[in-house]
*Asks:* 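What follows is a single structure, and I will ask about it in a moment.
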Amino acid sequence: MKLYHAFVRVDNELRALGKESGALSPEDLYPFDNMHYDGVNAVAEAIEKCNIQKGKGIRVLDLGSGLGGPSRYLAKNAECNVTALELQEDCSKKAKEYTKRCNMESKITHITGDILESSVFDSITTDGLYHTVVSWLVFLHISDKKKLFEQCKKCISNDESGGYLYFEDFY
């Protein structure tokens, strides 16, 4: 289901700030690129609750990553590596553009696809498992909850350093 389609709103906000082109900082985007409640505060809470510690080489999967706001916040503030998986191709493309403008491509990999598809699952786990899977306002849109949770479980490391699934959603 296509949920978001008018990304011009964010570009208009950036234009109003005189930042329609060129380099950005993640902070420039924070007011506009978190497509969930409580913005970066919600992401900061996930960092704390999931014990995502700086400098530990932690890998995080942002499931339903939208415009990449949480991914950029995680990469910058927790100094982790993030795979941003987004179902909507146009949304993923715009997120990748913002990440590039923030010069964060070395910390964030944007992938377009559906975690329920085996080929997508294989592509996001080629480099190994994740310390944490995070998601905001996405799970309610996925009808096959059993398979969703099975895929998440298979993505998450079960060693002493990882093993977290953090999501906020309606129920």
Side-chain angles (χ1 to χ4, degrees), residues 3-4 23-27 29-30 33-36 40 42-139 141-142 144-169:
L3 296 174
Y4 303 103
L24 292 171
S25 72
E27 292 84 1
L29 290 162
Y30 290 162
D33 65 356
N34 284 270
M35 299 158 67
H36 57 268
V40 296
V43 186
E45 183 175 352
I47 291 169
E48 179 186 337
K49 300 262 186 204
C50 297
N51 197 29
I52 302 172
Q53 298 175 16
K54 292 181 179 181
K56 299 286 185 182
I58 288 176
R59 296 181 68 236
V60 176
L61 173 62
D62 183 359
L63 180 57
S65 56
L67 291 175
S71 296
R72 285 186 290 277
Y73 187 91
L74 283 158
K76 181 170 196 274
N77 294 284
E79 298 176 8
C80 59
N81 294 304
V82 181
T83 299
L85 180 61
E86 172 55 43
L87 181 63
Q88 292 180 203
E89 186 174 352
D90 55 346
C91 193
S92 185
K93 183 178 176 184
K94 185 55 90 169
K96 190 174 186 174
E97 173 190 322
Y98 292 143
T99 295
K100 184 175 183 178
R101 288 183 63 193
C102 290
N103 195 29
M104 298 185 77
E105 305 102 323
S106 66
K107 299 296 282 180
I108 302 168
T109 303
H110 290 275
I111 297 175
T112 304
D114 184 344
I115 192 169
L116 301 182
E117 294 178 8
S118 59
S119 62
V120 173
F121 178 81
D122 292 344
S123 74
I124 64 172
T125 56
T126 56
D127 293 331
L129 300 178
Y130 297 89
H131 173 276
T132 302
V133 174
V134 296
S135 187
W136 288 270
L137 297 179
V138 172
F139 283 29
H141 300 292
I142 300 173
D144 190 345
K145 302 285 191 278
K146 183 175 192 268
K147 187 168 183 183
L148 169 64
F149 283 102
E150 287 170 354
Q151 296 292 74
C152 287
K153 182 179 179 184
K154 289 192 287 186
C155 284
I156 299 172
S157 171
N158 62 2
D159 67 16
E160 67 280 351
S161 68
Y164 295 91
L165 170 61
Y166 183 95
F167 66 98
E168 293 184 7
D169 229 317

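FYI, the numbering just counts along the sequence from 1.
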*Asks:* In Å and rounded to the nearest 0.5 Å, what is the NE2 to CG distance from H141 to D169?
*Replies:* 7.0 Å
*Asks:* Please tell me if the side chains of E45 and Y166 come closer than 4.5 Å, counting only heavy atoms from C-beta onward.
*Replies:*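 Result yes, sub-4.5 Å side-chain heavy-atom pair found.
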*Asks:* List the atom of M104, the atom of A75, and the distance in Å for their closest heavy-atom pair.
*Replies:*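 For M104 and A75, the tightest heavy-atom pair comes out as CE-CB, 3.6 Å.
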*Asks:* Any heavy-atom pair between the side chains of D33 and Y73 that's under 4.5 Å?
*Replies:* no
*Asks:* Quick check: does any side chain N or O of Q151 sit under 3.5 Å from a backbone N or O of I115, one acting as donor and the other as acceptor?
*Replies:* yes
*Asks:* Determine whether a donor-acceptor pair (N or O, by modelled atom type, separation under 3.5 Å) exists between the side chain of N81 and the backbone of G57.
*Replies:* no
*Asks:* Please report the interatomic distance CG(N51) to NE2(H131), rounded to the nearest 0.5 Å.
*Replies:* 5.5 Å
*Asks:* For Y130 and I124, indicate whether the former's side chain and the latter's backbone hold a donor-acceptor pair under 3.5 Å.
*Replies:* yes
*Asks:* Do S92 side-chain atoms and E89 backbone N/O form a donor-acceptor pair below 3.5 Å?
*Replies:* no
*Asks:* Are K94 and Y98 packed together at the side-chain level, in the sense that at least one heavy-atom pair is separated by less than 4.5 angstrom?
*Replies:* yes
*Asks:* Which distance, rounded to the nearest 0.5 Å, do you find between the CD1 of I156 and the CG of L165?
*Replies:* 5.0 Å
*Asks:* Any idea how F139 and F167 line up, ring-wise: parallel (<30°), tilted (30 to 60°), or perpendicular (>60°)?
*Replies:*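 Aromatic pair F139/F167 classed parallel.
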*Asks:* Please check: side-chain N/O of K54 versus main-chain N/O of E79, any donor-acceptor pairing under 3.5 Å?
*Replies:* no
*Asks:* Taking S25's backbone N and O only, do any of them form a donor-acceptor pair with R72's side chain (distance below 3.5 Å, no angle check)?
*Replies:* no
*Asks:* Report, as yes or no, whether the 6.0 Å neighbourhood of atom NZ on K146 holds more than 12 heavy atoms from other residues, nucleotides or ligands.
*Replies:* no
*Asks:* So do L148 and L116 actually touch side chain to side chain, heavy atoms under 4.5 Å?
*Replies:* yes
*Asks:* Treating S71 as the side-chain partner and V82 as the backbone partner, does any N or O pair qualify as donor plus acceptor under 3.5 Å?
*Replies:*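 Checked: no pair found.
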*Asks:* Is the backbone of D90 close enough, under 3.5 Å, to the side chain of Q88 for a donor and an acceptor to pair up by distance?
*Replies:*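 Absent.
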*Asks:* Restricting to side-chain contact (heavy atoms from CB on, under 4.5 Å), what partner residues turn up for K100, sequence neighbours left out?
*Replies:*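 side-chain contact (heavy atoms from CB on, under 4.5 Å) list for K100, sorted by chain: E105.
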*Asks:* Under 3.5 Å, side chain of E168 to main-chain N/O of W136, donor-acceptor pair present?
*Replies:* no
*Asks:* Is K154 positioned over the aromatic face of F121, cation under 6.0 angstrom from the ring centre and no more than 45 degrees off axis?
*Replies:* yes
*Asks:* Any chance you could measure L85, atom CG, to H110, atom NE2, to the nearest 0.5 Å?
*Replies:*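 It is 11.5 Å, given to the nearest 0.5 Å.
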*Asks:* Counting C-beta onward and ignoring hydrogens, is there a side-chain heavy-atom pair between L29 and C102 closer than 4.5 Å?
*Replies:*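 Counting from C-beta outward, L29 and C102 do come under 4.5 Å.
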